[in-house]
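A short worksheet on the structure shown next.
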Protein chains: 2
Amino acid sequence: MPRQVDYESRRRRIAEAVCLLADEHGPEGVSMRDVAARAQVSLGAVQRCFRNKEEMLLFAVDHVGERITERVRTRLASSPDRSAATALGHAADEIALLREEQRAEARIWLAFVARAAVSEVLGGPLRTSYAALQDLFVRLVTEATGSDSADEGAAPPDPRREARALLALADGLTTHVLVGHLTGEEAEEVLHAHLADLWERIRTARPREAG
Amino acid sequence: MPRQVDYESRRRRIAEAVCLLADEHGPEGVSMRDVAARAQVSLGAVQRCFRNKEEMLLFAVDHVGERITERVRTRLASSPDRSAATALGHAADEIALLREEQRAEARIWLAFVARAAVSEVLGGPLRTSYAALQDLFVRLVTEATGSDSADEGAAPPDPRREARALLALADGLTTHVLVGHLTGEEAEEVLHAHLADLWERIRTARPREAG
DNA sequence: CCGGAAGCGATACGATCGTATCGGAACAAG
DNA sequence: CTTGTTCCGATACGATCGTATCGCTTCCGG
């Protein structure tokens, strides 16, 4: 058997190049030639890694999705405060890619989302990522609400619904920042207000929790 | 002076063709030739209407934006119930393009948003549309809160912030339906729950309102 | 040591893109 | 009718796209 190369690492390197280009020139500005140039490999190398362009994009969107969810998990794990409240706040902050240094990732994500709305195959990994994030949020909200909550006060918020709302709000805010309708600070204010309200509803649903 | 044609109506017809194609094949699948064929005009006719492709897309996004805001206004005007509460609910329903028959418009919108995140010139009309919708929502929330609200009970919600949150939530939900993370019904449930909560907060902020 | 499979980069190919150009049809003015 | 201007649709053009192909190099197995 002749020369062996590490395809996986190369695939990742190419995926990074895809992200860089999607950030700079949008979803339409990602050509295989440019990707190859960015990854500092030949066009043939890209072709050998992926059967066609769609497979390349598929791998790239998976790559981004894992990167984001991984970043959220890291942020949660590194937080000294173990309360679900601050954890959820941090998670939401990581999801809503509002900070300047996350702007690139946000553009990449939007590029893939727009494409996935048409390409069914590209939607798969995207849905997987969304499902993972939703599950994480459901867990955090449930934890914050408290599993032992008896039926006191108002009905506690439905964790799944709250998770979905939070996820959608974060995504919408990200989009609005990208198109320039909101600034990052304005979006953050909206997000934090929503979270504050969520706490309030959780708190009033469990009055005994105060102690 | 020789033959005179109605350029404006033709531009609109072309814009409709752009929307149809953006819906079917995504943002990248909109070529001037396909647009011309869809609009049943020659390629030259399209070129005479718009100096280049970007101008065409610019006109189309303006067209869509006006159509959506117009639809919201119509819905509000036609509602027999003049209360701000139901009005805001209807408006949110029209904004969040969750119903099946609005799916096409949603895809078009997402296509333009994704492109606008890169193309600065395309972002202009998009921001205009968002600003118009936000103003509308601010007005409705303010009306619902009541301008005469004294400082009773909890602080009433900030209308602008609530408008932004509602707009972002609606957009995010639309996106999540398009990528298949949520069904239209699930998204609607989340949206309505958010609205219900908004009413609750408005109500508790003005306890005298009950009468 | 050598035959051949696997990887390499360059190039070719056909399609399609946005845009430019052009000869003729259509029509108001003289 | 002739003339001049405007609109028409077809075609041309160059660029770029995704993909296929093809010698050449590399290097393990026998």
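Set against C:dT19, C:dC8, D:dT19, the side chain of A:R48 has C:dC8 as its closest nucleotide. Of the candidates D:dG9, C:dG9, D:dC17, D:dC17 carries the atom nearest the A:S31 side chain, counting heavy atoms from C-beta on. The side chain of B:Y7 approaches D:dC7 more closely than any other nucleotide in the set D:dC7, C:dT19, C:dG9. The side chain of B:R33 approaches C:dC17 more closely than any other nucleotide in the set C:dC17, C:dT11, D:dC8. Listed nucleotides C:dG18, D:dG9, D:dC17 differ in distance to B:A45; the shortest reach to its side chain belongs to D:dG9.
Ring geometry for B:H181 against B:H176 counts as perpendicular: the plane angle is over 60°, on a 0 to 90° scale with 30° as the lower cut. A:F59 and A:F50 have tilted rings, their planes meeting at an angle from 30° to 60° on a 0 to 90° scale.
In this structure, A:G44 and B:G44 both approach DNA chain D, and ranking their closest nucleotides by distance from the 5' end singles out B:G44. Residue order along DNA chain D, read from the 5' end via each residue's closest nucleotide, puts B:R10 first among B:R10 and B:L43.
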- Task: Starting at the 5' end of DNA chain D, write a dot or bracket for each base, bracketing those in Watson-Crick or G-U wobble pairs whose two distances are under 3.5 Å and using | for partners on another strand.
- Result: ||||||||||||||||||||||||||||.|

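Here A:R67 does not pair with A:E70 in a salt bridge; the nearest charged N to carboxylate O distance is not below 4.0 Å. Between B:E200 and A:R201, no side-chain nitrogen of the basic residue sits less than 4.0 Å from a carboxylate oxygen of the acidic one, so the salt-bridge criterion is not met.
D:dC7 atom P lies 12 Å from atom CZ of B:R11, rounded to whole Å. Rounded to an integer number of Å, the gap from CD of B:Q47 to P of C:dA20 is 8 Å.
For C:dG18, its base never sits under 3.5 Å from the side chain of B:R51 at any donor and acceptor pair.
A:V35 comes within contact range of no nucleotide atom at all, as no heavy-atom separation falls under 4.0 Å.
Contact of the A:E24 side chain with the A:L21 side chain is registered, since non-hydrogen atoms from C-beta on lie closer than 4.5 Å.
Listed by first and then second residue, the salt bridge (charged side-chain N to carboxylate O under 4.0 Å, His left out) pairs that reach into residues 164-181 of chain A are A:R164-B:E186, sequence neighbours excluded.
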